[in-house]
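Notes follow the structure.
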Amino acid sequence: MSATPFESLEKTLEKHIPPEELKEVKRIMFGKDTKTIELPQCAVEAAAERGFDLQGSAFSASVEQLRQPRIVRVGLIQNQIVLPTDAPVIEQITALHKRVGEIVEVAAMCGVNIICFQEAWTMPFAFCTREKVPWTEFAESAEEGQTTRFCQELARKYNVVVVSPILERDEVHGETLWNTAVVISNSGSVLGKTRKNHIPRVGDFNESTYYMEGNTGHRVFQTQFGKIAVNICYGRHHPLNWFMYSVNGAEIIFNPSATVGELSEPMWPIEARNAAIANHCFTCAINRVGMEHFKNEFTSGDGKKAHTDFGHFYGSSYVAAPDGSRTPGLSRTRDGLLVAEMDLNLTRQISDKWSFKMTGRYEMYAEELAKVVQHDFKANIIKE
Ligand SMILES: NC(=O)NCCC(=O)O
């Protein structure tokens, strides 16, 4: 890393490209411009005082004759861990509750309806270590754990739907651990939970040591503000995963993540955005920020020297729309709240324009895939 941290791609483009060319560069790279939304002064001041970035963008949609606009504001929170990774477990959890709680308060000032936190937000991303202790102690009940109770209070207090991705301990099924997002309705009740379907086995992401592949399928949650789904982190590399949430009717798919620069940063701006385009829905990609250091060295069988950190979590959270436009990303280095306003009517408008679902030929793929998964499948290659 250079002495001046590389804050974001957008800031660098703005600094170096002349304004008339910048417009074209942005149009081609980011799609139709999003509007900056004016956020209340009290929110701007609170964010500055509390040391996090606050950004607001709005997507545009056409006015329809027969339907009223369905305007929703979503909030994406990215943050560093607060305490060192060897602080007592309960202190780490409480400190993160406090930090995220103060950001949620600002989101409420900005009129956010649905808020989503980063993957495993109550803990350091310790899955690189392969050590069980104390990390499994961060796992909690999705229905009754202290984090869910904390989120229920936030939901009731601010009339906001909360998407809370945690490490789940499932006592009913032999203490199985899962990587789970709990969805809490704005009424404060737990609407349900959805589990990470695909587990990384790449670099230091040794997550299969800790929890199992999710068994909740591709459920979608009908909230007062729209139909939402959660595709957790590594699931964003799987186009069929996004697709199935969308087939079940998701209008907004959240992608709470934890990923590092060296591994995935060039893929990050493409994957969630492409999913929004391909599935006629909004997608919200959230990544944590900062470096997390662990007491003991670890290796991951990839030839790298033993090390005590994961590398740099690069933040850059953003929202993408079905028309291919996207918001500017949050910073690569700082805590932040991204507020994005969208009219959910845009999903049908773009579907009517591009018709990817209508032209999808799913029966053809269903038939072919049914053959592909057979153990005696033979690839359809014609040879001379
Ligand atoms: N948390 C997680 O699944 N990370 C995997 C790495 C990546 O998908 O970029």
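Each ligand, and each atom within it, is numbered from 1 in the order the structure gives.
- Outside the 6.0 Å centre-distance limit, the rings of Y234 and H198 are not counted as a close aromatic pair.
- Checked against a 6.0 Å centroid threshold, the rings of F127 and F310 do not count as neighbours.
- For ligand 1, the atoms closer than 4.0 angstrom to any heavy atom of P200 are 2 (C), 3 (O), 5 (C).
- Heavy-atom proximity to S264, at under 4.0 Å, picks out these atoms of ligand 1: 9 (O).
- Taking any N or O of A258, backbone or side chain, at least one lies under 3.5 Å from an N or O belonging to ligand 1.
- If you number the atoms of ligand 1 from 1 as listed, the ones under 4.0 Å from a heavy atom of H237 come out as 7 (C), 8 (O), 9 (O).
- Hydrophobic cluster membership is shared by I277 and F59, with clusters built from Ile, Leu, Val, Met, Phe, Trp and Tyr side chains linked at under 4.5 angstrom.
- Counting only residues at least two apart or in different chains, side chain to side chain donor-acceptor pair (under 3.5 Å) contacts with residues 150-167 comprise W121-S164, N159-N186.
- Residue contact check: F125 has heavy atoms under 4.0 Å from atoms 1 (N) of ligand 1.
- Residue contact check for ligand 1: E207 places a non-hydrogen atom closer than 4.0 Å to it.
- Y245 has its ring centre no less than 6.0 Å from the ring centre of F243.
- For atom 6 (C) of ligand 1, the nearest protein heavy atom (residue, atom name, distance) is L263 CD2, 3.6 Å.
- In this structure, atom 5 (C) of ligand 1 lies nearest to the protein heavy atom F205 CD2, 3.5 Å.
- The side chain to side chain donor-acceptor pair (under 3.5 Å) test applied to E168 returns T180, K193, R195, not counting sequence neighbours.
- Defined by atom type and a distance below 3.5 Å, a donor-acceptor pair is present between the side-chain atoms of S60 and K32.
- Across K196, E119, Q118, heavy-atom proximity to atom 3 (O) of ligand 1 is greatest for K196.
- A distance of 6.0 Å or more separates the ring centres of Y210 and W135.
- The single protein non-hydrogen atom nearest to atom 2 (C) of ligand 1 is C233 SG, 2.9 Å, given as residue, atom name and distance.
- Under a 4.0 Å criterion applied to the non-hydrogen atoms of T259, ligand 1 contributes the atoms 6 (C), 7 (C), 9 (O).
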